[in-house]
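Notes follow once the structure below has been shown.
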Amino acid sequence: MKPRLAALLVPVLLALAGCTATTGGEGPAAGPTRAARPSPFADCATLTTTPGSTPAPTGSATADTGSPLPELVLACFTGGAPVALRDIHGPAVINVWASWCPPCRKELPAFQRLSVRAAGQLQVIGVNSRDSRDGAQAVGEDFGIRFPVLFDQGEALQRELRRTAVPLTLLVDAQGRIRHTDTSGALDDARLADLVRRHLGLVVPA
């Protein structure tokens with residue numbers, strides 16, 4: 001009976017050992033056969049080119065010179081060459097966000113609409129901060145975000161600006177200087193259009 005019992009137990013023990021090994025790793029989703037989803041965000045190559053046919057500023061942009069963007073180089077979410085912030089051609093609206101931040105998720109569609117309405121006048125750029133790539137990708141897919149996004153997992157930009165909270169929005173003029181930093185919470189279409197008019201001197205439909 002003992003040899004027969006041992007023969008019956010061997011396959012069971014081997015099966016149990018296989019399950020333990022599998023669950024101890026990253027799981028099937030992280031294996032080599034996992035298909036990478038295409039990024040919803042635009043490529044970052046356009047960030048260092050001047051927006052086409054930018055009209056002369058109108059309205060009441062502030063007269064001070066502002067401060068330049070920090071000397072940082074951030075990865076592009078879609079890959080390719082990293083982007084030096086000081087090489088970004090303005091005017092631009094830079095939105096720092098994270099998938100785990102409810103106000104960020106609330107305002108992202110307004111930034112997407114601004115990127116469409118203001119095409120040729122200014123660039124809309126996202127900076128995904130202290131987040132996972134999967135989380136950011138899911139938000140981009142859910143909300144149809146198509147503008148370029150930089151990846152700043154270590155919060156380097158926020159540290160340079162001495163800001164800790166998100167969402168955080170920077171309005172950058174054609175000379176690459178920060179004209180306004182907004183930390184007022186989730187922005188809507190009308191508020192964004194007003195900020196662009198007052199600090200960049202550009203009129204964009206709300």
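Counting heavy atoms from C-beta on, the side chains of Asp189 and Leu114 never come closer than 4.5 Å. Between Leu200 and Pro91, the closest side-chain pair of non-hydrogen atoms falls below 4.5 Å. Counting heavy atoms from C-beta on, the side chains of Val166 and Gln158 come closer than 4.5 Å.
Of all non-hydrogen atoms in Leu168 and Leu161, the two that sit nearest each other are CD2-CD1, 4.0 Å. The two residues Ala98 and Ser129 make their nearest non-hydrogen contact at CB-O, 3.4 Å. Across all non-hydrogen atoms, the minimal contact from Leu202 to Gln121 is CD1-O, 3.8 Å. Considering every non-hydrogen atom in both Ala81 and Cys76, the closest pair reads O-CB, 4.3 Å. Residues Arg86 and Pro68 approach most closely at NH2-CG, 3.6 Å, considering heavy atoms. Contact between Cys44 and Leu150 at its shortest, heavy atoms only, is SG-CD2, 3.8 Å.
To the nearest 0.5 Å, the span separating CG on Leu157 from CG on Leu170 amounts to 6.0 Å. Of the inter-residue distances, the one linking Leu195 atom CG with Arg179 atom CZ reads 13.5 Å to the nearest 0.5 angstrom. Taking CZ from Arg113 and CG from Asp188, the interatomic distance works out to 9.0 Å, rounded to the nearest 0.5 Å. In this structure, CD1 in Ile94 is found 6.5 Å from CG in Leu85, a value given to the nearest 0.5 Å. Considering CG of Leu47 and CD of Gln123, their distance stands at 5.5 Å, rounded to 0.5 Å.
For Ala45, the side chain to side chain contact (heavy atoms under 4.5 Å, CB included) partners two or more places apart in sequence, or in a different chain, are Asp43. Residues meeting the salt bridge (Lys or Arg N to Asp or Glu O under 4.0 Å) test with Glu141, sequence neighbours left out: Arg37. In this structure, the salt bridge (Lys or Arg N to Asp or Glu O under 4.0 Å) partners of Arg130, at least two apart in sequence or on a different chain, are Glu155. Legend: residues meeting side chain to side chain contact (heavy atoms under 4.5 Å, CB included) with Ala84, ordered by chain and number and at least two apart, are Val73, Asp87. When the ring-ring contact (aromatic ring centres under 6.0 Å, His included) test is applied to Phe111, no partner is found at least two apart in sequence or on another chain. Taking Asp194 as the reference, Arg191, Arg197, Arg198 meet the salt bridge (Lys or Arg N to Asp or Glu O under 4.0 Å) condition, with sequence neighbours excluded. In this structure, the ring-ring contact (aromatic ring centres under 6.0 Å, His included) partners of Phe41, at least two apart in sequence or on a different chain, are Phe77. Partners of Arg163 according to the salt bridge (Lys or Arg N to Asp or Glu O under 4.0 Å) rule, which considers only residues two or more places apart in sequence or in another chain, do not exist here. Remark: Glu160 engages Pro70, Leu72 in a side chain to side chain contact (heavy atoms under 4.5 Å, CB included) (not counting sequence neighbours).
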Step-by-step side chain to side chain contact (heavy atoms under 4.5 Å, CB included) determination, Asn128 to Arg133: CA-CA 9 Å; Asn128 182 248; Arg133 291 189 65 89; over 6 Å; no
From CA spacing to verdict: side chain to side chain contact (heavy atoms under 4.5 Å, CB included), Val149, Val127: CA-CA 5 Å; Val149 172; Val127 176; over 6 Å; no
Criterion side chain to side chain contact (heavy atoms under 4.5 Å, CB included) on Ile88 and Ile125, from CA distance to verdict: CA-CA 10 Å; Ile88 291 175; Ile125 304 162; 3.7 Å; yes
Intermediate values then yes/no, side chain to side chain contact (heavy atoms under 4.5 Å, CB included), Leu187 and Leu192: CA-CA 6 Å; Leu187 300 173; Leu192 270 175; 3.8 Å; yes
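Applying the ring pair (Phe, Tyr, Trp, His ring centres under 6.0 Å) test to every pair with at least one member in residues 159-180, sequence neighbours left out, gives these pairs: His180-His199. Listed by first then second residue, pairs satisfying side-chain hydrogen bond (donor to acceptor under 3.5 Å, both in side chains) with a partner in residues 99-108 read Asn95-Glu107, Ser99-Asp131, not counting sequence neighbours. For residues 117-142, no residue pair satisfies the ring pair (Phe, Tyr, Trp, His ring centres under 6.0 Å) rule, not counting sequence neighbours.
No side-chain donor-acceptor contact under 3.5 Å links Arg117 to the backbone of Gln112.
With hydrogens and angles left out, the side-chain atoms of Ser184 and Asp182 include a donor and acceptor closer than 3.5 Å. The closest side-chain donor-acceptor pair between Ser39 and Gln137, if any, does not fall under 3.5 angstrom.
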